[in-house]
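Quantities reported herein were computed from a predicted structural model and do not represent experimental measurements. Just so you know, ligand 1 is whichever comes first in the structure, and atom 1 is the first atom listed for that ligand.
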Amino acid sequence: MNQNGRKIVIIGGGIAGLCTAVYALRCGYQVEVLEMHDMAGGLAMSWRRGPYTFETCLHWLVGSKPGGEFHSQWQEVFDIDKLTFVNSDEFVRIENAEGERLSIFTNVDRLEAELLRRAPQDAAAIRNFTHSVRALARFRIIDPSGALVDHWLNMLRDLPIFPLLTKLSKISGAEYADRFSDPLLKGFFANGDIGKMSAIAMVLSLAWMNEGNAGYCIGGSQAIIRLIEETIASLGGKIRFNAKVERILVERDTAVGVLLEGGETLLADWIVSAADGHATIFDLLDGRYVDEATRRIYNERPLFASYLQVSLGVGLDLSDQPPMATRLLHSPIMVDPGTELGYVGFRIFHFDPTFAPAGKTAVTCLLPTRNFQYWTDLRSNNPSEYRAEKQRIAEAVIGVLESRIPGVRAAIETTDVSTPASVIRYTGNWRGSMEGWLVEPGASFKPLPNTLPGLGRFLMVGQWVMPGGGLPSGPMTAKPAVKTICKYDHISFDLHARERIKPEPVAV
Ligand SMILES: Cc1cc2nc3c(=O)[nH]c(=O)nc-3n(C[C@H](O)[C@H](O)[C@H](O)COP(=O)(O)OP(=O)(O)OC[C@H]3O[C@@H](n4cnc5c(N)ncnc54)[C@H](O)[C@@H]3O)c2cc1C
């Protein structure tokens, strides 16, 4: 199926690696994806325990609505319309121990009414917030691989909302929360990494939800990955599992191949790393192709936290519960030395029938931490204490769940705890980060360079190139990378190239 005589090796079978494979195959390249794990997806992952499936990634997918923003870019890499999307009325419910609650609805009119009911004293700030959600519906994502004229057109379209975008990108979620006096409303904006990020991220996400363009697909993130894998197979691409790259081979400052764990060498015309950025630059390439600016970014720029995930298989129908619930706590949970959480968030997957048998429900709870070292050290040096710590965390989380759903403890059939050590083991992500670079107020969402200084025929894609991460960072970084490769090779970036090439006549 190799149609232009050139081969690309892609390191990493997460969403970015897979999307790169599709674009490259469509342009006629021979492609081999090397994935160290035994399945594709990276952070876009779920796992099965008995009859339950526990999702770690997907909350929402921007581009879920046919005709909506980013939908057509997904269509370039897989048939997104094969997925069934759920757009919940209620995104999350914020509650306290006293039983007070606030629903964050996805419909902005309903959201406004609910916020005004809960906090009439914050009416001015609430109206300002819902106005922003409505206004940002007009926002268009800039395609980094687009032509200059498209960028200008995009900018022109976004011009009326520029002042709002600028204002929101300069303040953090926590600063935004200060506009409200109601503790539940404050809690929504200020908790965890949302509080540290630029406020634009949450307001924009709500704007997309209001448009019905940030749905959850049945089957979770692996349903997306499986469809992209099918596209790759249909185009003749190859994904090799249990294939860990140890080194990128370089000759005369040109990437020429990779060395796999076990000693096998693979040669190619281009190497694209869709693996963790830090490992790529400092381990696979020994830090030989890095300038001061890149070094500074990796030393100084803040990352999204890592996390523990407590997953529970509950033998109850919990469909009367919200899909997501955040409980604000009186006494914080001590996750690890240096990490205390004043809230706990649950995802109650009654809306995905593929995750549990009828009448039962998969429930997950994500606990962010930046103390990844504690968990990796404990796992390596003291396995029994590691197990005990996981048990302690599970007990604490189950205690909170029991306080909001009395009797649930007795119905728990399966308990599973993953830690930052699991994230690092299965995805190699630096410090176990869940999404790469966190975009702080004032920082840019602009992609980082996808090349390294002085190294030819090598490119990087994925969340370490696109601050803010997320599944869309896969196609958003893959497309410009393949465009660059095509340009260099004097091949037209034509996504229908294969279909146009007529098969050779068969000799009879
Ligand atoms: C808890 C959580 C919730 C999230 N929620 C959402 C959400 O609701 N919506 C959304 O859009 N995004 C969400 N994300 C973010 C999204 O999952 C990530 O940004 C995205 O999946 C990153 O994809 P990637 O391909 O860049 O990297 P990764 O997924 O990290 O893929 C890298 C791949 O490279 C492989 N690899 C690494 N080193 C090597 C090596 N040496 N040799 C071979 N293979 C290697 C890894 O095994 C991995 O498969 C969430 C993430 C998490 C963790």
Please check whether [X] reaches ligand 1 - meaning an N/O of the residue sits under 3.5 Å from an N/O of the ligand, judged on distance alone.
| X | answer |
| --- | --- |
| Pro472 | no |
| His59 | yes |
| Gln463 | yes |
| Trp60 | yes |
| His37 | no |

Is the closest heavy atom of [X] to ligand 1 under 4.0 Å?
| X | answer |
| --- | --- |
| Gly41 | yes |
| Trp464 | no |
| Leu61 | no |
| Gly14 | yes |
| Tyr426 | yes |

Could you pull out, from [options], the option with a heavy atom nearest to [atom]?
| atom | options | result |
| --- | --- | --- |
| atom 32 (C) of ligand 1 | Gly42, Ala274, Gly17, Gly12 | Ala274 |
| atom 4 (C) of ligand 1 | Gly469, Gly13, Gly462, Cys57 | Cys57 |
| atom 51 (C) of ligand 1 | Arg247, Met434, Gln309, Arg425 | Met434 |

Residue and atom name of the nearest protein heavy atom (relative to [atom]), distance in Å to one decimal:
| atom | answer |
| --- | --- |
| atom 23 (O) of ligand 1 | Ile15 CG2, 3.5 Å |
| atom 46 (C) of ligand 1 | Thr427 O, 3.4 Å |
| atom 28 (P) of ligand 1 | Leu43 N, 3.9 Å |
| atom 47 (O) of ligand 1 | Glu35 OE2, 2.7 Å |
| atom 38 (N) of ligand 1 | Ala275 CB, 3.5 Å |
| atom 45 (C) of ligand 1 | Met36 CG, 3.7 Å |
| atom 10 (C) of ligand 1 | Leu471 N, 3.5 Å |

Is [X] salt-bridged to [Y], going by a charged N under 4.0 Å from an acidic O?
| X | Y | value |
| --- | --- | --- |
| Arg296 | Asp291 | no |
| Glu389 | Arg392 | yes |
| Arg247 | Asp283 | no |

Does [X] use its side chain to pair, donor to acceptor, with the backbone of [Y] at less than 3.5 Å?
| X | Y | result |
| --- | --- | --- |
| Ser473 | Gly462 | no |
| Glu55 | Ser221 | yes |
| Gln463 | Gly468 | no |
| Thr20 | Ala16 | yes |
| Thr231 | Val77 | yes |

Contact check, side chains of [X] and [Y], non-hydrogen atoms, under 4.5 Å:
| X | Y | answer |
| --- | --- | --- |
| Thr53 | Thr354 | no |
| Trp270 | Val9 | no |
| Trp60 | Met209 | yes |

Under 4.0 Å from a heavy atom of [X]: which atoms of ligand 1 are those, numbered in the order shown and with their elements?
| X | result |
| --- | --- |
| Asn429 | 30 (O) |
| Ala16 | 25 (O), 26 (O) |
| Ala243 | 42 (N), 43 (C) |
| Leu366 | 1 (C) |
| Thr56 | 1 (C), 2 (C), 3 (C) |
| Tyr307 | 1 (C), 53 (C) |
| Leu34 | 43 (C), 44 (N) |

Between Trp437 and Phe304, ring centroids under 6.0 Å: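 No: the rings miss the under 6.0 Å criterion.
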Sub-6.0 Å ring centroid separation between Phe85 and Tyr216: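 No; Tyr216 has its ring centre 6.0 Å or more from that of Phe85.
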Output a table of donor-acceptor pairs, distance under 3.5 Å, between side-chain atoms of residues 235-244 and any protein atom two or more places apart or on a different chain; print 'none' if there are none.
from   : atom 1 : to     : atom 2 : distance (Å)
Arg240 : NH1    : Glu264 : OE2    : 3.1
Arg240 : NH2    : Glu264 : OE1    : 2.7

Criterion ring pair (Phe, Tyr, Trp, His ring centres under 6.0 Å) on Phe372 and Tyr307, from CA distance to verdict: CA-CA 8 Å; Phe372 70 99; Tyr307 62 103; over 10 Å; no
Side chain, backbone, both or neither: Val245 near ligand 1, heavy atoms under 4.0 Å: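 It is both parts that get close, each with some atom under 4.0 Å.
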Location of contacts on Val461 toward ligand 1, heavy atoms closer than 4.0 Å: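 It is neither part, as no heavy atom is under 4.0 Å.
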Cation-pi check, Arg110 onto Phe105 ring (under 6.0 Å, within 45° of axis):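 Geometry flag: set, cation within 6.0 Å and 45°.
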Spacing of CE belonging to Met460 relative to OG1 belonging to Thr451, to within rounding of 0.5 Å: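 It is 9.5 Å, given to the nearest 0.5 Å.
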